[in-house]
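Proteins come first, then strands; the chains are lettered A, B, ... in the order of their sequence lines, and each starts at number 1.
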Number of protein chains: 2
Amino acid sequence: MKFSTKGRYGLKAMFDLATHHGEGPVALKNIARRQEISEHYLEQIFATLRRSKLVKSVRGAQGGYLLNNPPEQITVGEIIRTLEGPIGPADCVVDKNSHECLNQDSCVTRLVWTRIQQSVNEVIDTTTLADMLEDQKRIKNDENHMFYI
Amino acid sequence: MKFSTKGRYGLKAMFDLATHHGEGPVALKNIARRQEISEHYLEQIFATLRRSKLVKSVRGAQGGYLLNNPPEQITVGEIIRTLEGPIGPADCVVDKNSHECLNQDSCVTRLVWTRIQQSVNEVIDTTTLADMLEDQKRIKNDENHMFYI
DNA sequence: TGAAATCCAAGCAAAACAGTCGGAAATAAG
DNA sequence: CTTATTTCCGACTGTTTTGCTTGGATTTCA
């Protein structure tokens, strides 16, 4: 029940991009340094993000990546699903044609998986990069950083 | 972001046990047949469940497993955490001493992971096996089974 | 005594994970 | 025009996790 590094690094990197939104292209090298992620590995992640139109790239010297939409219009859910695939605790709630639910009894456990899936969706689909920028402001203003523990 | 077969089979098996609560020991062979799970693999799962006192065993012929507490007192969360370990989308919200959060910026993404974790906890910690038995009654009463789709 | 069950320890193939490596192509700056 | 910078692309690889299987030992009821 954990996300892989693709999803975790990807969200960090997208948030990094959001903090530099409006300042022109950001080079992977800088994101990699700030977030302590292998640059080559980040390349793979950004290839996926670019193909799904969450970012756009500028090639060549002084190039880099930019958000393809303002932070208000990019949800955590879009980022994570792009990098992790569809979210759900079991195949039978992700893939309609799963063969795990032949038994009628198992439909009840499926109900549990569905509830988990929906509660995760609720969080990730209602949180945008702009919301995260707001969160960061609040964290920065609170000197002892206690409220989020 | 998926549970492994241990968690998924484990919940199915525990629900199976719950449906036979009060009828004496249930043999793994029967659970395995009903839920279409390898019997030997189920053994491993039940070894874990037994060590964490969610079930008790009766050895020998006519033996089997029983819930160690009534279905009202066993939550989905207990079962899943026993079999999957602590739940959370990233190490930094599961393991306090994780080294992933050195950068202050990353605390914001951590806030997202925490919200996901809490919303999953809310579901699994408030659902008991007794709730699932109730769900099954509702499903059985609804002939066309449409409400849970 | 024997069948039915849990208990226990190992082993193992396949898949997923988390990268690395080497170079090609594009572009801005000097 | 050249060079440094940067994205782009594809292949490869070691490690870990997953999802079992196998083979037996032990307990207990009939």
Side-chain angles (χ1 to χ4, degrees), chain A residues 1-13 17 20 24-33 35-68 80 83-86 89-91 94 99-100, chain B residues 1-13 17 20 24-33 35-68 80 83-85 89-91 94 98-100:
Chain A
M1 199 57 178
K2 237 167 29 184
F3 290 127
S4 71
T5 50
K6 285 190 204 294
R8 289 182 282 128
Y9 294 174
L11 182 59
K12 273 174 125 178
L17 266 194
H20 295 87
V26 181
L28 276 196
K29 187 175 54 173
N30 296 323
I31 301 180
R33 182 176 32 76
Q35 308 300 333
E36 295 177 300
I37 301 170
S38 148
E39 187 180 342
H40 263 300
Y41 193 38
L42 259 191
E43 273 183 18
Q44 292 181 28
I45 292 171
F46 271 83
T48 306
L49 293 171
R50 184 173 51 79
R51 280 192 290 269
S52 63
K53 311 251 190 250
L54 287 172
V55 300
K56 57 190 166 194
S57 63
V58 178
R59 298 187 69 170
Q62 319 315 319
Y65 291 90
L66 307 103
L67 294 183
N68 206 14
I80 292 181
L83 296 168
E84 297 277 329
D91 278 334
V94 165
H99 295 296
E100 219 184 325
Chain B
M1 199 56 177
K2 238 168 27 185
F3 290 127
S4 71
T5 50
K6 285 191 204 295
R8 289 182 281 130
Y9 294 173
L11 182 59
K12 274 174 126 180
L17 266 193
H20 295 89
V26 180
L28 276 197
K29 186 173 54 171
N30 297 323
I31 301 180
R33 183 176 32 76
Q35 308 300 333
E36 295 178 299
I37 301 168
S38 147
E39 186 179 343
H40 263 300
Y41 192 39
L42 258 191
E43 272 183 19
Q44 293 179 28
I45 292 172
F46 271 83
T48 306
L49 293 172
R50 183 174 51 78
R51 279 192 290 270
S52 64
K53 310 251 190 252
L54 287 172
V55 300
K56 57 191 166 193
S57 63
V58 179
R59 298 187 69 169
Q62 322 312 323
Y65 290 90
L66 307 103
L67 294 182
N68 207 14
I80 290 181
L83 295 168
E84 298 276 331
D91 277 335
V94 165
S98 171
H99 294 296
E100 218 184 327

(message) Could you tell me how far apart A/Lys56 (NZ) and C/dA26 (P) are, to the nearest whole angstrom?
(response) 20 Å

(request) Ignoring backbone atoms, establish whether A/Tyr9 has a side-chain N or O less than 4.0 Å from OP1 or OP2 of C/dA18. (result) no

(request) May I ask you to check whether A/Tyr41 and A/Thr5 show a side-chain donor-acceptor distance below 3.5 Å? (result) yes

(message) Could you tell me if the side chain of B/Ile37 sits less than 4.5 Å from the side chain of B/Ile31, heavy atoms only?
(response) no

(request) Could you check how far CD of A/Glu43 sits from P of C/dA25, rounded to whole Å? (result) 16 Å

(request) Calculate the interatomic distance between B/Ile45 atom CD1 and C/dT6 atom P; express it in whole Å. (result) 14 Å

(request) Map B/Val58 and B/Gln44 onto DNA chain D by nearest heavy atom, then report which one ends up closer to the 5' terminus. (result) B/Gln44

(message) For B/Lys6 and B/Gln44: C-alpha separation, side-chain torsions, deciding distance, then whether side-chain contact (heavy atoms from CB on, under 4.5 Å) applies.
(response) CA-CA 9 Å; B/Lys6 285 191 204 295; B/Gln44 293 179 28; 4.0 Å; yes

(message) For A/Gly60 and A/Phe3, find the nucleotide of DNA chain C closest to each by heavy atoms; which residue's nucleotide sits nearer the 5' end?
(response) A/Phe3

(request) Take atom CZ of B/Phe46 and atom C1' of C/dA5, then tell me their distance rounded to the nearest Å. (result) 14 Å

(message) Just the rounded figure in Å: distance from P of D/dC20 to CD1 of B/Ile37.
(response) 9 Å

(message) Any side-chain N or O of B/Ser38 below 4.0 angstrom from OP1/OP2 of D/dT21?
(response) yes

(request) Tell me whether the OP1 or OP2 atom of D/dC9 has a side-chain N or O from A/Arg51 closer than 4.0 Å. (result) no

(message) Check this one for me: any side-chain N or O of B/Arg50 less than 4.0 Å away from OP1 or OP2 of C/dC7?
(response) yes

(request) Please report, rounded to the nearest Å, how far the C1' atom of C/dC12 is from the OH atom of B/Tyr41. (result) 14 Å

(message) Return the CG to CG distance between A/Leu17 and A/Leu67, rounded to the nearest 0.5 Å.
(response) 5.0 Å

(message) Expressed as a whole number of angstroms, how long is the span from A/Gln35:CD to C/dA18:P?
(response) 17 Å

(request) Starting at atom CD of A/Gln62, determine the distance to atom C1' of D/dT7, rounded to an integer number of angstrom. (result) 13 Å

(request) Choose from D/dA4, D/dG19, C/dT6 the nucleotide whose nearest atom is closest to any side-chain atom of B/Ser57. (result) C/dT6

(message) At 4.0 Å (heavy atoms only), tell me whether B/Lys29 reaches a base, stays on the sugar-phosphate, or touches nothing.
(response) sugar-phosphate

(message) Side chain of B/Ala61, heavy atoms from C-beta onward: which of C/dC7, D/dT28, C/dA28 has the nearest atom to it?
(response) D/dT28

(message) Which nucleotide wins on minimum distance to the side chain of B/Leu28, given the candidates D/dC20, C/dG19, C/dT6?
(response) C/dT6

(request) Can you figure out which of C/dG22, C/dC8, C/dG19 approaches the side chain of A/His40 most closely? (result) C/dG22

(request) Look at the side chain of A/Arg59 against the base of D/dT7 and say whether a donor-acceptor pair falls under 3.5 Å; ignore hydrogens and angles. (result) yes

(request) Write down the atom of A/Val26, the atom of A/His20, and the distance for their closest heavy-atom approach. (result) CG2-CB, 3.8 Å

(message) Minimum heavy-atom separation for A/Ala13 and A/Leu42, please, with both atom names.
(response) CB-CD2, 4.1 Å

(request) Ignoring backbone atoms, test whether B/Thr5 places a side-chain nitrogen or oxygen under 4.0 Å from the OP1 or OP2 oxygen of D/dG19. (result) yes

